[in-house]
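One structure below.
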Amino acid sequence: MLLKEWVAMLLAGGQGSRLGCLTKRIAKPAVSFGGKYRIIDFSLSNCNNSGIDTVGVLTQYKPLLLNSYIGIGSAWDLDIEGGGVFVLPPYVGEKGGQWYKGTAHAIGQNIDFIDQYNPQYVLVISGDHIYKMDYSVMLEFHKNNQADVTIAAIQVPWEEACRFGILNTDENGRIEEFDEKPKNPRSNLASMGIYIFNWPVLKEYLIQDSQDPESANDFGKNVLPKMLKDGLRMFAYRFQGYWKDVGTIESYYTANMDLLADNPEFDIFDENLKVFSKSPILPPHFIAAEAKVKNSLVPDGCVIFGEVEHSVLFPGVYVGPGAVIKDSILLPDVRVEGGCLVNRAIIGESSVIGPECQIGYGCNETFNPAEITVIGDYINFPKGVVIEKGSSISEWQDGELKIS
Amino acid sequence: MLLKEWVAMLLAGGQGSRLGCLTKRIAKPAVSFGGKYRIIDFSLSNCNNSGIDTVGVLTQYKPLLLNSYIGIGSAWDLDIEGGGVFVLPPYVGEKGGQWYKGTAHAIGQNIDFIDQYNPQYVLVISGDHIYKMDYSVMLEFHKNNQADVTIAAIQVPWEEACRFGILNTDENGRIEEFDEKPKNPRSNLASMGIYIFNWPVLKEYLIQDSQDPESANDFGKNVLPKMLKDGLRMFAYRFQGYWKDVGTIESYYTANMDLLADNPEFDIFDENLKVFSKSPILPPHFIAAEAKVKNSLVPDGCVIFGEVEHSVLFPGVYVGPGAVIKDSILLPDVRVEGGCLVNRAIIGESSVIGPECQIGYGCNETFNPAEITVIGDYINFPKGVVIEKGSSISEWQDGELKIS
Amino acid sequence: MGIITTTKSEDILKELTQHRCMSSVPFGGRYRMIDFTLSNMVNSGIHNIGVITSHKYRSLMDHLGAGKEWGLDRKSEGLMILPSASPSIFKKNIRFDLKDLYENYEYLEKSRQKYLLLTGNNMICNINYKDALQFHLKNNAQVTVFYKEEICHEKTINELGFWDVEADGRVTGFHLTPSVGEKNKVSLEMIIMERELLMDMIQVAHAMGNWDLADILAANLNDLRIYAYQFKGYLAKINSVESYYKCNMELLDPDVWYELFFKNGPIYTKIKDGPPTKYADDAKTAKVLVGTGCKIMGNVENSILFRGVTIGRGASVKNSIIMQKTEIEENVVLENVILDKEVRIRKGTILKGGQDSPIVIAKKSVI
Amino acid sequence: MGIITTTKSEDILKELTQHRCMSSVPFGGRYRMIDFTLSNMVNSGIHNIGVITSHKYRSLMDHLGAGKEWGLDRKSEGLMILPSASPSIFKKNIRFDLKDLYENYEYLEKSRQKYLLLTGNNMICNINYKDALQFHLKNNAQVTVFYKEEICHEKTINELGFWDVEADGRVTGFHLTPSVGEKNKVSLEMIIMERELLMDMIQVAHAMGNWDLADILAANLNDLRIYAYQFKGYLAKINSVESYYKCNMELLDPDVWYELFFKNGPIYTKIKDGPPTKYADDAKTAKVLVGTGCKIMGNVENSILFRGVTIGRGASVKNSIIMQKTEIEENVVLENVILDKEVRIRKGTILKGGQDSPIVIAKKSVI
């Protein structure tokens, strides 16, 4: 029997519907971010940087694309015999199968998977946050406290505290109360949805929870409150640093743009806790004589003839002569033909913007989140299309546009 | 979009119930064979030796154990970015999921998986035969015939032909008729269940077949006869060599014992088309001064103090002082304590036979298939148990035995 | 199977080959020279590849590892690094040194492929060897050599040599001086033949004491069915610092860029996991090829930046090749220079090379 | 992190190290000597390992590849093969040559681990370094050395040296001659210290011109908190052909077999995918250790067979070590011999060595 100190279970099930047409084709963890990454890269890289060699990825929405992105995990150094990264869709037994109901249900359905490794600890994380964290430091904290459960927590602005699960602790960090989206928060310490459990303890609770027909099978709503009630040793591990949920178009846009600051709070150039990613095989990018590129991120495979300012480009983007890209995000393999104007827009993977289109036209200079223009994946605009600021285009056929 | 010449789909769904207690815990493809292999090793090694780098393994019975045996496929050199080996259990959609109905249903449920690679050809094989074959030669044959479908076929003894799907062909090998288990076979050319399809053709038929409520969704019963009726170019590729279905205790036993011949028909020592396997990390085997080993296969990690004759041992087997093993198969990690007599028996993985037990006792010397004694996995016999010849023990508790 | 060998003395690249072999010289913003040949082979379905290397093998080893990035980290076959028969320092320019192959005769013997592709290590192109093998089979050739038509302007000896080829592709002659002003068929130093024929030739070479395969072929034009396959694409021939510089600069033509990196398949190289390149507010770039992980705060024109280069504020870089992790501090002025890896150019330094004779700065220098 | 270095002249194993370095000498029916140290490190959670090797590196490279079998084929850290400062042929027996480490100072600098384990390459055992690190931390030691208690019967100089250790584990002395008939604490040539302390010591050694780390430790017993960790398990010390032969034979004791291969974790080695070993009808074996893929048709007694060995009918092999893919034809008689890889002994040959001085037959010989 194998015996591992810990394994990680990564919850990547969410469809991420608030990201609109960006998640029409792929699950949220597979959405591109930061010029060459996908959102799940950050969690997987954290695992690698923390010395975790076994990761179960729980997914159900469009699992095939995630499966093919993760592959055998070699991008994150997780292609390890006796460990590795496993995509775990819901299991079909002889009597059929069903989607995961809640976070605890997803882990509960994979007890056998975890038991194979016979781990002392299980780390539960989610695949849709942008942050760098060495989980092994959190594990040390967990061990030193002889804790049953440790929850990573971060201080949020008081005015936002009401949107989070708030942890009220004693002076040693032991959790005394668990306040899910409190109206009058007693603290601003918010749960980051990162948990370390002693596996035998968690297993017992998961089995109990699965037998409770009343339960929503969710960690935050059911399992953790029950554990607290039973008096388990639960501690809050305070994390300092950048941590962002990019769950909405606005937060996604802002988090990308944050990287363009002179000394960004989240530094992808920092060699410490490196972010790994599956790189497409592309040559260095090319910037033509007449092009202008300023205050932007440009990865491999891009070809720029036009003007790019304060924008994030992804691999394989083409910007034609005379095109002007400003304050925008162009996802992988986007092709913007000559003479286009693109302003404060997000353009989805492999979309082609024909010559002289205007996207996000008429934006004023004051930032208004509602005015981000979003074009979905694989959209094909002919010459001269004008898309008004704030639109969201998920389909385009013969001049008819479907605004989602 | 990726573009591959071909991908392989390996049907490993069968429970293999005719193997009795050997498949109680694991699926048939994961059953051990030939001193260090598992049955699926032969098909996976054939894939590697044929230059195939992408294999989908279709499974539903005990998928986790198969998944953990296959791992990232590095044992068979299939740990390739952009390819690799993928275990594909039935998919759960938003409305739930169900087990694969027939072979064609299993492939049909994974059209998206195959489409990812956009292959010209799809090779369909099964994971429960023992043979060595270079599928690339069959593919050449397929191309040269400009075939839509090629079926590998082998000549079987006429008297057994009625147990197979028989192919009647013209002089060029083109299939004219498909006779499923014919009473009066017109030929002795039997289908080996190995197919090469042009993927666009197969895809169309799979979609058609899935929409037919009358269909059993099986290649042999539904899809292939339909293709023949439609006049597709279907050819029989004649295979010469060893090919064995080890689907019953008798054929499993015989196929193992065949390897002990002086010049075995199936030679695992042949460096040509090597058989790869996931090796447990074990030291060379040790044979003590008082031991006797004759006409047997012995792999790594065994320790022999007793006598072993005409037997196949698997990794990690222990044979105690004075124990006598004859005409038997001891699966991985079996421990036979001192003074035991084991005769014409198969002992399952990790079972422990206490001192001075007698297994298969009273066998006479003439071979009678009914008299093979089978002990399941993880059985623990105390001292002095006597198991009569021909018994099949799948559980043992406190002296009570359950004969299956 | 494929074998990549050394055909040139490695001294011709001077400082660039001081600590590395020719195969591992950086090229094109992201690659090592060997990446192109290796990727062409892999893209053409060749998965058993031997690389013959001189004693300066360490950087090549580091780069190739077990061949994972090329899909060559296999249990059977895959990538094999083979020793050269003699240190490159003693090596003359020889068109395929069979001595190197004699040294590795056992490797040839053990391989199971019928056909073998032998190439040098200083030609960079994107070529489909499958087509060439088809050509070889169709002509029932015993040997297929490769050529490219080029108009030659000077009547100087070209050590690569030229093939005389008939309309049907049959080779009838070989010579070292071109016809001026006409199209000449310059040898690409790539050869397809049966593995066993090469083994025979090695035995012959051993007996005769002449190890130059091109000589042997030229001497046997009548006895062997030798055909020549025309390559029509972009070709970079690196045989001096000047040609190295010129060929890198040619990548700044988008058509060349596209052909070399995409035509018959991608060019694989070691993955470094660097972030995207960041252009600051005051960056100014025109006609540049830039790898990942650079930070550009100054002016860059008509230049190639490898991965992880920093260009400080106010710096001006023109007509230059800047290799991996090199740091150009503020207000530096560079023109016509090649900076090797991990160089540091301190504030305010000015370096200008001649138009066709760039200054080369060795690895890890601080200036 | 861990560093495996050479502490001995490699000439001591004569024919066995003619074409390979000490680390890649076959041992125990299936392994190379380095497998044991490497596996101990991996089993103890060390995943950043540098192996310093002499110029005969090729067979070691072949064996280790990218370190896949040891789980060390990683993008960051993993296995690193490092050059030795001087060819082993000029090397005296020196207890940790800091010159080799000075040569690789940059590698030490770039590593991020706090603690470093330095070992030689000629001690074979199955040891848990995690326990030793705990011991180091608990004692707040600056340096922890390792020893094993042995009763010495002769008052000859032992180049390994002996530690004087107090009851609490503190080291108070070091000497080269043992006390006869008593338990002595022989050094295992393994050392734990902080990486930065080692880097300081290398600088000191550089300044002083004395590169022997054991000397430096012995000279600073009062200034450094040096503790000694006792190893109580089975230890094989290979420092001559005779001890190599003796230690291999000790594996024929099932207790030693079990301890060495299972105690603190498995020993990893290169996977060969051979079939199980086949014993013919007329095979006779007693007290043998046998790798996979052998075919045994004759008599084998008190011997070790590596993978893929064939023993012909009527052959008799006694007290011998037969390495990989060696073929013993019919009616051969062997006693007290060591046959290297791929040897062929022709029909009817008789070879008998002395009881403690086995005959060694070099790789690929045909006799």
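The shown structure was predicted, so the numbers you read here are calculated from the model rather than taken from an experiment.
No more than 12 heavy-atom neighbours from other residues, nucleotides or ligands sit within 6.0 angstrom of OH on Y258(C).
Considering only heavy atoms from C-beta on, P283(A) comes within 4.5 Å of Y31(C) through its side chain. The shortest distance between side-chain heavy atoms of P276(C) and L313(A) does not fall below 4.5 Å.
The greatest number of non-hydrogen atom pairs below 4.5 Å with chain A, out of N302(C), T285(C), I304(C), is found for T285(C). Most heavy-atom pairs under 4.5 Å with chain C: of the set V275(A), V298(A), L260(A), L259(A), this distinction falls to V298(A). No other option in L289(C), V290(C), T269(C) has as many heavy-atom pairs under 4.5 Å with chain A as V290(C).
For R30(C) (side chain) and L282(A) (main-chain N/O), a donor-acceptor pair under 3.5 Å exists by modelled atom type. Counting only distance, with no hydrogens or angles, the side chain of K36(A) and the backbone of D273(C) share no donor-acceptor pair below 3.5 Å.
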Legend entry - side-chain contact (heavy atoms from CB on, under 4.5 Å) evaluation trace for I287(A) with Y279(C): CA-CA 12 Å; I287(A) 297 190; Y279(C) 290 82; 2.8 Å; yes
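Close approach to chain A, defined as a heavy atom under 4.5 Å from one of its heavy atoms, is seen in no residue of residues 325-337 of chain C. Contacts with chain C (heavy atom to heavy atom, under 4.5 Å) involve no residue of residues 42-49 of chain A.
Of the two parts of F262(C), only the side chain, counted from C-beta on, holds a non-hydrogen atom closer than 4.5 Å to a non-hydrogen atom of chain A. Neither the backbone nor the side chain of V312(A) comes within contact range of chain C; no heavy atoms are under 4.5 Å apart. There is no contact between F314(A) and chain C, counting heavy-atom distances below 4.5 Å. In this structure, no portion of K284(C) lies under 4.5 Å from any heavy atom of chain A.
A distance of 13.0 Å separates CZ of F261(C) from CD1 of I281(A), quoted to the nearest 0.5 Å.
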